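See below for the structure under consideration.
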Amino acid sequence: MQKKHLQRKSETEWWIEPTGPMRVPGIIYGSEDLIEAMDDKVREQVSNVAALPGIQKASYAMPDAHWGYGFPIGGVAAFDPDQGGVISAGGVGFDISCGVRTLHTGLVRDDIERVKETLADALYAHIPAGVGSRGAIRLNPEQMDAMLQGGAAWAVAQGWGLPEDLQAIEERGRMAGADAGCVSPQAKKRQKDEMGTLGSGNHYLEVQEVTDLYDSEIATAFGLQVGDIVLSVHCGSRGLGHQIGTEFLKSMALAARSHGITLPDRELACAPIHSELGQQYLGAMRAAMNCAMANRQIITHLVRQIFAEVLPLAELDLLYDVSHNTCKMEEHDIDGVRKNVFVHRKGATRSFGPGHADIPQAFRSLGQPVLIGGTLGTASYILCGTQQTMGLAFGSAVHGAGRQMSRRQATKQWQGRAVIDELAARGILIRSPSQRGVAEEAPGAYKDVSQVVEAAHVAGLARKVARLEPVICVKG
DNA sequence: ATGTGC
């Protein structure tokens, strides 16, 4: 990105002054290196979002931001419904409520070393991965609606998980205001046999080792020690979320004019929050959030069954579950006034600071865990929201490494088999149905996650707590 | 991200 278009306000904060139709400034967080490497498209998209009706404070991009559909991935924007504020399907993303959850295992590296291959094979055999993968669960129409209304709480009630899991999930595992009636028959049809599946792309299930701690007090509260084995799952709402996104993008684009909205970019299709279409999308999107949380919950249950067979001494307690493609109504301080605003986080993790009621009691006084998934073969990080975060981008932080190369470009540069062999030589086991998928996800196709996390830490978006390294990765 | 592409 060309820095001449930006005003540097601090080490990691870069402003786009409002010009033309922009109602608020754009603010991009990142180190100088990350900003220089960022696509100019991000600046364009941040500026376009700043022109949408009812936007509050600023249009933000996180240090891992890259070009996306309409909004950048790594974009954060909040809208006031009473000032004509809008909701945008492209501002949430196609994979609604895609997210990460991390479980303790109660094991250390030595416990798994001898059964590593067996464990990798068992996880791969029982947790379907890849495009169009189907699970063992079939939902009839009544069960589908119950899932869409109940989220992870529904899954637990069906026997997939433990009641205490729900305390460690944003929204306690059930997004209020979901309306299964707003979800099309086609979206439901696509989802009916996809529960408990990972999907493809950057989704994965990973067994990881804690290699470094940066804040011992918070790490202790999160239950993390160097040498611990944890397990993380990264996936979302599969075909259902994708179908909802596709349908509402279309109807929002068609209805924009009737709502009196001029779009700076057709891809920014949106509807007023106080419109029928806006409310329908909210109902459907919240249902998709429940689908994603239920999906991660079912996968958790499958993981526990596999560990019970392979490593019966393991105890898989849920540390936390975050969703990084969402729009949520939240109360924030806007120029000294507490207001309810609709915060879009697209490829951005909520990063609430100490004291927030939605944070589990065990670490409410410290802040919420912010789970940052790495890319294939690279480290993941656990961070913590801070008080400062709340004033920066509505309590938001990065979500991962962020792509720096297109999928097509990546497949030209790497071969899946070679990537798998290279990682195996470093003791990292990969299981995937798609060699091409692995090539597309080659580590070099992404920004350096450590740089991204460091920038988030320095910017005050979240505080570094722990670093994790992959041991086994089941890849979609 | 995605029954990967109108």
Side-chain angles (χ1 to χ4, degrees), chain A residues 45 64-75 88-100 128-135 138-139 144 183-205 233-250 253-254 266-267 269 281 284-285 287-289 291-293 295-296 299 322-327 344-349 373 375-376 399-412 416 432-441 445-446 474-476:
Chain A
Q45 292 191 320
D64 53 339
H66 56 111
W67 172 85
Y69 188 94
F71 284 56
I73 295 162
S88 167
V92 173
F94 282 92
D95 191 4
I96 297 166
S97 202
C98 179
V100 180
V131 179
S133 50
R134 302 167 67 193
R138 299 284 173 271
L139 297 186
M144 174 63 67
V183 178
S184 72
Q186 181 64 8
K188 292 176 184 176
K189 185 182 164 197
R190 284 181 67 173
Q191 193 59 32
K192 69 178 183 350
D193 49 12
E194 287 194 341
M195 296 308 291
T197 67
L198 277 176
S200 65
N202 61 3
H203 290 170
Y204 60 78
L205 181 151
V233 177
H234 177 210
C235 65
S237 52
R238 307 286 287 105
L240 181 125
H242 187 266
Q243 186 67 27
I244 291 170
T246 306
E247 290 167 7
F248 277 92
L249 273 168
K250 202 172 169 185
L254 288 170
R266 192 187 152 79
E267 292 187 358
Y281 177 68
M285 181 209 58
M289 291 179 68
C291 175
M293 291 189 285
N295 192 29
R296 291 193 289 272
I299 290 172
V322 302
S323 294
H324 50 226
N325 282 357
T326 60
C327 179
H344 294 65
R345 294 188 182 88
K346 180 187 189 180
T349 310
T375 184
L376 194 61
H399 83 304
R403 232 174 214 291
Q404 64 173 359
M405 193 182 288
S406 72
R407 294 187 175 279
R408 194 180 149 73
Q409 214 177 333
T411 53
K412 282 191 206 159
S432 174
S434 167
Q435 302 262 336
R436 182 170 135 196
V438 170
E440 289 178 352
E441 294 295 318
Y446 283 80
V474 177
K475 190 78 187 165

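Since the model is a prediction, treat every value here as computed from it, not as a measurement. Reminder, nothing fancy here: chain letters follow the sequence lines and each chain counts from 1.
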Whole angstroms only, please: what is the [atom1]-[atom2] distance between [X] and [N]?
X        : N     : atom1 : atom2 : result
A/Arg403 : B/dT4 : CZ    : P     : 18 Å
A/Glu440 : B/dT4 : CD    : P     : 13 Å
A/Glu441 : B/dT2 : CD    : C1'   : 14 Å
A/Lys250 : B/dT2 : NZ    : C1'   : 16 Å
A/Glu194 : B/dT2 : CD    : P     : 8 Å
A/Leu198 : B/dT2 : CG    : C1'   : 15 Å
A/Tyr69  : B/dT4 : OH    : P     : 18 Å
A/Lys189 : B/dT2 : NZ    : C1'   : 16 Å

Please determine if a side-chain N or O atom of A/Arg407 lies less than 4.0 Å away from the OP1 or OP2 oxygen of B/dT4.
->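 Indeed not, no polar side-chain atom of A/Arg407 lies that close.
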Distance below 4.0 Å between A/Ser200 side-chain N/O and B/dT4 OP1 or OP2 | no
Taking any heavy-atom pair under 4.0 Å as a contact, classify [X]: base, sugar-phosphate, or nothing.
X        : answer
A/Ser237 : nothing
A/Gln186 : base
A/Arg436 : base

What pairs with A/Lys188 under salt bridge (charged side-chain N to carboxylate O under 4.0 Å, His left out), at least two apart in sequence or on another chain?
->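 A/Lys188: salt bridge (charged side-chain N to carboxylate O under 4.0 Å, His left out) contacts with A/Asp145.
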With A/Phe248 via ring pair (Phe, Tyr, Trp, His ring centres under 6.0 Å) - residues at least two apart | A/Tyr281
Sequence neighbours left out, what passes ring pair (Phe, Tyr, Trp, His ring centres under 6.0 Å) with A/Phe94? Give chain and number order.
-> A/Tyr69, A/His242
May I ask you to decide whether A/Lys189 forms a salt bridge with A/Glu194, counting only side-chain N to carboxylate O separations under 4.0 Å?
-> no
Any residue meeting side-chain hydrogen bond (donor to acceptor under 3.5 Å, both in side chains) with A/His234, in chain and number order, not counting sequence neighbours |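 Partners of A/His234 by the side-chain hydrogen bond (donor to acceptor under 3.5 Å, both in side chains) criterion, ordered by chain and then number, come out as A/His324.
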Go through the structure and list residues passing side-chain hydrogen bond (donor to acceptor under 3.5 Å, both in side chains) with A/Arg266, not counting sequence neighbours.
-> none
Rounded distance (nearest 0.5 Å) linking atom CE of A/Met144 with atom CE of A/Met195 = 7.5 Å
Contacts to DNA chain B from residues 89-98 of chain A, heavy-atom cutoff under 4.0 Å, which residues?
->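 Residues of residues 89-98 of chain A that come under 4.0 Å of DNA chain B are, in numerical order, A/Phe94, A/Asp95.
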